Amino acid sequence: MKNTFGNNITVTIFGESHGPAIGAVIDGMPPGIKIDSGFIKKQLDKRKPKGKISTARVESDRVQIISGVFEDYSCGTPICLLIQNQNQHSKDYNKTKALARPSHADYSGDCKYLGFQDYRGGGHFSGRLTTPLVAVGAICLDMLASKGIYVASHLKSIKDIEDVSFSSDEELLKQQMDKVNDEYFATIDDAVKEPMNRVIEDAFHSLDSVGGTIETAIINMPAGVGEPYFDSVESILSHALYSVGAVKGVQFGTGFPISRMYGSEANDSFRMKDGKVITSTNHNGGINGGITNGMPIIITTAIKPTPSIYQKQDTINFRERSDEEICIEGRHDPCIAHRARVVIDSVVAIGLVDLLLTRYGQLYFQSEPKENF
């Protein structure tokens, strides 16, 4: 039973949705990494629910750094991050604890954990567990930025409302990334914000939910990072992305539509520009043979509709082995894609840091030795 991700830097998450606390332990962090508590808070604020398009459960999400950090720098020892749960309504789940909520992990979790799992709010399977991932991701995003590597995501679609894609022009792409990184409801085209919000609110009023897609761009990754097979860039980043329970699809570059192209259309021709190797197109999303080629890495992630909806649904009682109906109560999001955007940035950043440590070792991120005193 594993709750740990990574090879050279590992992240273990712990806790349950309605338990006393959730958190993460980071092991393998190089010493001398600046830990910016203000940036961690800023990233966590992007995940918080706001208004009718989100759940009414609002937590303070104050991160306590229990170990591994001294005078705002990593010590090189395990970093433990703790976040208290303070706003639980556990009674909402008492009546349905033996009912398998459709598209939730209630039944599969009961099979795996032999009935000993914490069923309240989904327990360890809850989206609440993405909170420590965002805290860890903030540290990793800062590490990447220190090397000039940047990550940004936007809402590519909500149901059938589409935002524009990230630009293939390097200068415009960086401007788009800066824009969406400063937003809570992150879109490139401001004109789609209101229609997207309306679709989410309509789902809320219909006691239903909607999903969406998130497009992520990574720029300035050095060429030559990744392994050709089992630890390819796609393998590591997909592994990280599928750790987010709402993710049901991941594609790189053009993704599935590349299967409908001729090779002459899909191939990315290499060229020289200002002494730098580039490709004239980027259908392969900055990756060849599992290894970065220096072009922007482009990822699209599919986020399913929130499974907790207020309509009556068919299900089973897995204790009595009988067919039942369920009407879910509690506080739930009609859409989680806009809050998941920062989670996607975070798990991608964790994966990238692990890939870079594999390629270059701890000295890649490490600061100069601190002066003796």
Side-chain angles (χ1 to χ4, degrees), residues 11 13 22-24 35-63 81 83-87 126-145 149-158 163 166 174-190 192-194 196-197 200 210-219 240-241 243-247 299-301 303 306 331-353:
V11 177
I13 58 172
I22 54 178
I35 307 299
D36 186 343
S37 297
F39 183 64
I40 294 173
K41 182 182 183 304
K42 179 181 177 182
Q43 291 298 100
L44 285 170
D45 284 347
K46 294 177 184 177
R47 188 196 162 279
K48 283 188 175 181
K50 294 181 182 179
K52 290 184 179 179
I53 61 171
S54 302
T55 176
R57 179 180 179 179
V58 181
E59 296 276 3
S60 64
D61 289 342
R62 188 175 71 86
V63 177
L81 307 176
I83 302 167
Q84 302 288 338
N85 286 328
Q86 300 171 319
N87 190 11
S126 171
R128 178 82 184 124
L129 271 293
T130 62
T131 313
L133 286 177
V134 173
V136 176
I139 297 171
C140 291
L141 285 165
D142 254 355
M143 293 171 69
L144 295 169
I149 301 167
Y150 299 99
V151 180
S153 298
H154 72 108
L155 294 166
K156 183 65 177 68
S157 67
I158 296 292
D163 192 13
F166 278 125
K174 183 60 168 66
Q175 293 174 6
Q176 291 173 332
M177 293 173 72
D178 289 341
K179 175 186 185 297
V180 298
N181 267 337
D182 284 337
E183 295 182 339
Y184 174 74
F185 197 92
T187 63
I188 297 171
D189 182 1
D190 288 337
V192 302
K193 291 183 189 295
E194 196 276 332
M196 284 184 174
N197 273 271
I200 298 172
V210 291
T213 60
I214 296 170
E215 185 182 44
T216 303
I218 304 153
I219 58 172
L241 286 162
S243 70
V244 181
V247 171
I299 309 168
T300 306
T301 306
I303 305 294
T306 317
R331 301 165 296 174
H332 309 290
D333 296 84
C335 181
I336 55 175
H338 58 290
R339 297 176 62 203
R341 179 269 305 216
V342 69
V343 182
I344 299 303
D345 282 349
S346 300
V347 296
V348 164
I350 294 167
L352 292 174
V353 167

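Everything numeric here is computed off the predicted structure, so don't read it as measured data.
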For [X] against [Y], the heavy-atom pair lying closest together:
X	Y	answer
F39	L141	CE2-CB, 4.1 Å
I344	S153	CG2-OG, 4.1 Å
K50	Y184	N-OH, 3.4 Å
P132	I13	CG-CG2, 4.4 Å
V180	A186	O-CB, 3.7 Å
H154	T187	CB-CA, 4.3 Å

Ionic contact status for K48 with D45, cut-off 4.0 Å: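 Counted as a salt bridge, because a side-chain N and a carboxylate O are separated by less than 4.0 Å.
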Pair K179 + D189: basic N to acidic O under 4.0 Å: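 Result for this pair is no, no salt bridge flagged.
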Given Q43 and K46, is the side-chain hydrogen bond (donor to acceptor under 3.5 Å, both in side chains) satisfied, shown in steps? CA-CA 5 Å; Q43 291 298 100; K46 294 177 184 177; 2.9 Å; yes
What's the spacing between K156 NZ and T300 OG1 if we round to 0.5 Å?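 Going from NZ on K156 over to OG1 on T300, the span is 7.5 Å.
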Give me each pair satisfying side-chain hydrogen bond (donor to acceptor under 3.5 Å, both in side chains) with a member in residues 133-143, each pair once, sequence neighbours excluded.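 Matches after skipping sequence neighbours: none remain.
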Go through the steps for R339 and V134 under the test side-chain contact (heavy atoms from CB on, under 4.5 Å), then give the verdict. CA-CA 11 Å; R339 297 176 62 203; V134 173; over 6 Å; no
